[in-house]
Q: 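The following block contains the structure, expressed as structure tokens.
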Amino acid sequence: MSQNKDRYSFFEDVYAVVKLIPKGRVTSYGSIAHYLGTRGSARMVGWAMNQAHTDPDVPAHRVVNRNGVLTGKHHFATPTTMQSLLQQEGVVVTEDQIQNFDQHFWDPSVELT
DNA sequence: ACACTGACCACTG
DNA sequence: CCAGTGGCCAGTG
């Protein structure tokens with residue numbers, strides 16, 4: 001929303017990182033925030049996802065909390081959209097919990113170095 | 001212009 | 001070990 005002002009901020013960075021998440025991989029809000037250098041902004045990362053809803057190129061379904069739980073699934077078109085998308089990419093999700101989360105975990109500060 | 005909220009994470013007691 | 005609070009940025013009431 002807002003006007004078309006140059007309100008670019010770490011939202012842009014968040015989008016960029018999320019877009020770089022490989023298929024079948026997932027990451028956490030905190031990891032992205034930490035990669036950007038701001039641990040506290042983890043909340044904002046989630047809020048960024050809300051805005052990301054306007055950007056189809058941002059696979060928000062690949063972003064979960066540090067626990068590997070689909071916290072934001074309720075924000076998708078349907079509560080099952082997130083899980084379905086993840087399963088389509090080969091990620092096993094049970095009870096909103098990603099199985100073998102450590103195997104699917106994709107850390108930008110490590111993968112992007 | 002002020003205050004509160006929000007898909008979180010980590011530290012301190 | 002469990003519980004509580006702080007911190008960060010932006011948007012909305």
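What you see below is based on every heavy atom in this structure, not just the backbone, and it leaves out hydrogens, waters and symmetry mates. Labels below follow one simple rule: chain letters A, B, ... track the order of the sequence lines, proteins then strands, and each chain is numbered from 1. These figures come from a predicted structure and were not determined experimentally.
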Q: Looking only at heavy atoms, which two atoms of A:A33 and A:V45 are closest? And how far apart?
A: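 What the structure gives for the nearest pair is CB-CG2, 3.9 Å.
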Q: Which residues pass the salt bridge (charged side-chain N to carboxylate O under 4.0 Å, His left out) test with A:D96, sequence neighbours left out?
A: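 Here the qualifying residues are A:K73.
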Q: Categorize A:G40 for me: base, sugar-phosphate, or nothing, with a 4.0 angstrom heavy-atom threshold over every strand shown.
A: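 The residue A:G40 makes base contact.
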Q: Using the P atom on both, measure C:dT5 against B:dC4 and round to a whole Å.
A: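 Here C:dT5 and B:dC4 have their P atoms 16 Å from each other.
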Q: Just by distance, do the side chain of A:Q51 and the backbone of A:F11 share a donor-acceptor pair under 3.5 Å?
A: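 No; zero donor-acceptor contacts below 3.5 Å.
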Q: Is there a residue in residues 67-85 of chain A whose heavy atoms reach under 4.0 Å of DNA chain B, and which residues are they?
A: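 Going residue by residue through residues 67-85 of chain A, the ones with a heavy atom under 4.0 Å of DNA chain B turn out to be A:T71, A:G72, A:H75, A:F76.
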Q: For A:W47 and C:dC9, what is the distance between atoms CH2 and C1' respectively, to the nearest whole Å?
A: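 Atom CH2 in A:W47 sits about 12 Å away from atom C1' in C:dC9.
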Q: Specify the separation, in whole Å, of atom CE of A:M44 and atom P of C:dT12.
A: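 Value for this atom pair: 10 Å.
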Q: Along DNA chain B, 5' to 3', what are the outermost nucleotides having an atom less than 4.0 Å from a heavy atom of chain A?
A: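 In short, chain A contacts DNA chain B from B:dG6 to B:dA10.
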Q: Of all residues at least two apart in sequence or in a different chain, which pass the side-chain contact (heavy atoms from CB on, under 4.5 Å) check with A:T94?
A: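 Result, side-chain contact (heavy atoms from CB on, under 4.5 Å) vs A:T94: A:V92, A:Q99.
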Q: From A:D13 CG over to A:F10 CZ, what is the distance, rounded to the nearest 0.5 angstrom?
A: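 Taking CG in A:D13 and CZ in A:F10, the distance rounds to 8.5 Å.
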Q: Suppose the criterion is ring pair (Phe, Tyr, Trp, His ring centres under 6.0 Å): which pairs have a residue in residues 85-104 of chain A, not counting sequence neighbours?
A: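 For residues 85-104 of chain A, and leaving out neighbouring residues, the ring pair (Phe, Tyr, Trp, His ring centres under 6.0 Å) pairs sorted by first residue read A:F101-A:F105.
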Q: Looking for any heavy atom pair under 4.0 Å, which part of the strands does A:N50 touch: base, sugar-phosphate only, or nothing?
A: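 Touches a base.
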Q: Taking distance alone, no hydrogens or angles, what donor-acceptor pairs closer than 3.5 Å link side-chain atoms of residues 74-82 of chain A to residues at least two apart or in another chain?
A:
| unit_1 | atom_1 | unit_2 | atom_2 | d |
| --- | --- | --- | --- | --- |
| A:T78 | OG1 | A:T80 | OG1 | 3.3 |
| A:T78 | OG1 | A:T81 | N | 3.3 |
| A:T78 | OG1 | A:T81 | OG1 | 2.5 |
| A:T81 | OG1 | A:T78 | N | 3.0 |
| A:T81 | OG1 | A:T78 | O | 3.1 |

Q: When only distance counts, do a donor and an acceptor, one from the side chain of A:R39 and one from the base of C:dG7, lie under 3.5 Å apart?
A: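 Side chain to base: no pair present.
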Q: Which pairs with one or both residues in residues 45-69 of chain A pass salt bridge (charged side-chain N to carboxylate O under 4.0 Å, His left out), sequence neighbours excluded?
A: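 For residues 45-69 of chain A, and leaving out neighbouring residues, the salt bridge (charged side-chain N to carboxylate O under 4.0 Å, His left out) pairs sorted by first residue read A:K19-A:D55, A:R62-A:E89.
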Q: Where does DNA chain C pair, written as one dot-bracket string 5' to 3', with Watson-Crick or G-U pairs under 3.5 Å, ( ) inside the strand, [ ] for crossing pairs and | for another strand?
A: .||||||.|||||
Q: Got a sec, which residues hit side-chain contact (heavy atoms from CB on, under 4.5 Å) with A:N65, two or more places apart in sequence or on another chain?
A: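 In terms of side-chain contact (heavy atoms from CB on, under 4.5 Å), with neighbours along the sequence ignored, A:N65 is linked to A:Y29, A:N67, A:V69, A:T71.
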Q: Run the side-chain contact (heavy atoms from CB on, under 4.5 Å) test against A:P108 and tell me which residues pass, sequence neighbours left out.
A: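 If we apply the side-chain contact (heavy atoms from CB on, under 4.5 Å) test to A:P108, skipping adjacent residues, the hits are A:V17, A:T27, A:S31, A:Y35, A:W106, A:L112.
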Q: From A:H61 NE2 over to A:I21 CD1, what is the distance, rounded to the nearest 0.5 angstrom?
A: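 Going from NE2 on A:H61 over to CD1 on A:I21, the span is 8.5 Å.
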Q: Grouping I, L, V, M, F, W and Y whenever their side-chain heavy atoms are under 4.5 Å apart, do A:V26 and A:L36 come out in a common cluster?
A: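 The answer is no; the residues belong to distinct hydrophobic clusters.
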Q: For DNA chain B, find the residues of residues 102-113 of chain A with a heavy-atom distance under 4.0 Å and give them by number; none if there aren't any.
A: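 Per residue number, the list is empty: none.
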Q: Taking side-chain contact (heavy atoms from CB on, under 4.5 Å) as the definition, give me every residue that meets it alongside A:Q103, ordered by chain and number, with sequence neighbours left out.
A: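 Scan of A:Q103 (side-chain contact (heavy atoms from CB on, under 4.5 Å), adjacent residues dropped) gives A:N100.
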